[in-house]
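For ligands, and for the atoms within them, numbers begin at 1 and follow the listed sequence.
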Amino acid sequence: MDPVFASLPDTIFDEMSGLSRRHGAINLGQGFPDGPGPEDIRARAAEALMGGLNQYPPMRGLPELRDAICAHYALHQGLDLGVDEVIVTSGGSEALSDALMAVLSPGDEVVLFEPTYDLYLPVLRRAGAVARFVKLEPPGWRISEQALADAITERTRLVVLNNPHNPAGRNFDAEELGLIAAACVRHDLLALSDEVWEHIRFDGKPFLSLMALPGMRERTIKVGSGGKIFSMTGWKVGWVCAAPALIDPVSRAHQYMTFTTAPALQAAFAWGLAKPPAWFDQMRAGFQRSRDRLAAGLTGAGFAVLPSEATYFLCLDLAASGLPADDDAVCRRWVAEAGVGSIPVSALCPDQPVRNVVRLCFAKSDAVLDQAVERLDRARRLF
Ligand code: PMP
């Protein structure tokens, strides 16, 4: 048995969703909206499905989706991608795994920012690589130049960035991204930029793709997710964008990992990506309202809410909320005794756990958010 995977538990997301089901709790743990998704995009997929688009599409993805991805990023992020620089995958997850498998060799070192999305570490280890962590500290979760410099050695091959960042809710600014770009150029490193949350960002703050920074066009592998952009996380249609020298090996990994992805869903997202910019603004505004509603409710109930610039998540500072700084224990009691599922951020810190922060998903209806606040308020008597 392979020791990397054999020793791993189920992810915290699946565990907390399972506990939420078992206890009949409101699930603010795993990140998914509670709506059915945009009706016009679902109709498009249904039409494609009934129209017979059901056999293997091209390995690199439907040409119409690859074209739509190039046009979308040209319009929204000023990127100049050619269709040969894009492949479609079964979700951002497969895209990330393909990229890690394609570029890493045994002994390579990889810089990860902690807290870290849970997929990166096991997959890079399976590729024989070794992680070096750069700690992000609440409440600001800023990237520090010194911490980044300390994590880079002569064996470093790759920096993995998640921007916007789950669970910190950061939309990293030009200065922080500039630090990463400068380090990549100076040390001749590749970057894997997990940008699945690129459209879910708030307060009018723009999103800057790492690929758009000077010196990064040829060394960045950019990952996106239609499931995130269109609020249908179960569809698992993602993509990878990179210069030909990088995308070709990534496409070989994809070829043997899944080979293709449901064509009817690809066709529907191709159509969706061409929606006017106002549609994306409106989608963001909806999530921003939900963020503000949950933040206001929790603040009113005496919880210390950390700022959230992006993603479906906001975090709570436990100690500042008058709760024990033991996120795992608090989350387990909340789901079993208060009826609210959440995610302990220490589960996303394999190196030096932050134990004082809990992540909550606000991509839910107003009624669900209000009820969760009520339950968490009542649960204060548990501690
Ligand atoms: N990266 C990050 C940072 C994520 O939060 C997620 C989904 N939670 C993914 C990748 C996976 O995306 P997908 O569902 O498209 O596989």
Side-chain angles (χ1 to χ4, degrees), residues 10-17 27-34 37 41 61 65 69 86-101 110 112-124 136 141 159-172 191-201 207 209-210 220-241 250 253-254 257-258 260-262 265-266 268-269 272-273 287 308-315 341-343 345 347-350 359-364:
D10 287 349
T11 79
I12 190 69
F13 308 113
D14 212 38
E15 188 188 2
M16 281 296 167
S17 283
N27 186 1
L28 302 190
Q30 202 176 1
F32 56 87
D34 56 3
I41 298 181
L65 177 54
I69 291 166
V86 176
I87 65 165
V88 178
T89 58
S90 295
S93 306
E94 194 224 294
L96 292 162
S97 296
D98 292 346
L100 291 166
M101 298 306 277
V110 179
L112 297 182
F113 295 90
E114 184 180 72
T116 183
Y117 186 61
D118 67 345
L119 176 148
Y120 313 140
L121 185 60
V123 178
L124 75 84
L136 303 176
W141 309 105
V159 176
V160 179
L161 175 69
N162 171 211
N163 185 37
H165 189 277
N166 167 17
R170 281 298 317 282
N171 176 7
F172 294 114
L192 174 56
S193 197
D194 175 353
E195 300 182 355
V196 302
W197 297 102
E198 58 203 341
H199 271 300
I200 323 292
R201 55 185 165 78
F207 171 77
S209 175
L210 188 62
T220 303
I221 302 171
K222 171 180 168 69
V223 167
S225 166
K228 290 289 189 303
I229 295 175
F230 297 108
S231 308
M232 293 189 281
T233 59
W235 276 27
K236 299 298 274 190
V237 177
W239 45 83
V240 187
C241 308
V250 175
H254 163 68
M257 206 75 79
T258 60
T260 58
T261 298
L265 305 187
Q266 292 192 47
F269 279 163
L273 284 172
F287 287 120
S308 166
E309 299 175 312
T311 75
Y312 296 155
F313 310 113
L314 59 74
C315 288
S342 57
I343 298 292
V345 167
L348 306 176
C349 301
R359 190 194 85 173
L360 296 170
C361 173
F362 52 72
K364 308 291 173 189

Q: Under the side chain to side chain contact (heavy atoms under 4.5 Å, CB included) test, which residues partner S231, sequence neighbours left out?
A: P33, F287, Y312
Q: List by chain and number: which residues place a heavy atom under 4.0 Å from ligand 1?
A: G91, G92, S93, L96, Y117, N162, N166, D194, V196, W197, S225, K228, K236
Q: Distance to the ring centre below 6.0 angstrom and angle to the axis at most 45 degrees; does that hold for R359 and F313?
A: yes
Q: Taking side chain to side chain contact (heavy atoms under 4.5 Å, CB included) as the test, write out the residues that go with S90, two or more places apart.
A: E94, T258, T261
Q: Decide, yes or no, whether a salt bridge links K228 with E195 under the criterion of side-chain N to carboxylate O below 4.0 Å.
A: no
Q: State which residues pass side chain to side chain contact (heavy atoms under 4.5 Å, CB included) with D34; sequence neighbours excluded, sorted by chain then number.
A: K364, S365, V368
Q: Quick check: do I69 and F269 have side-chain heavy atoms less than 4.5 Å from each other?
A: no
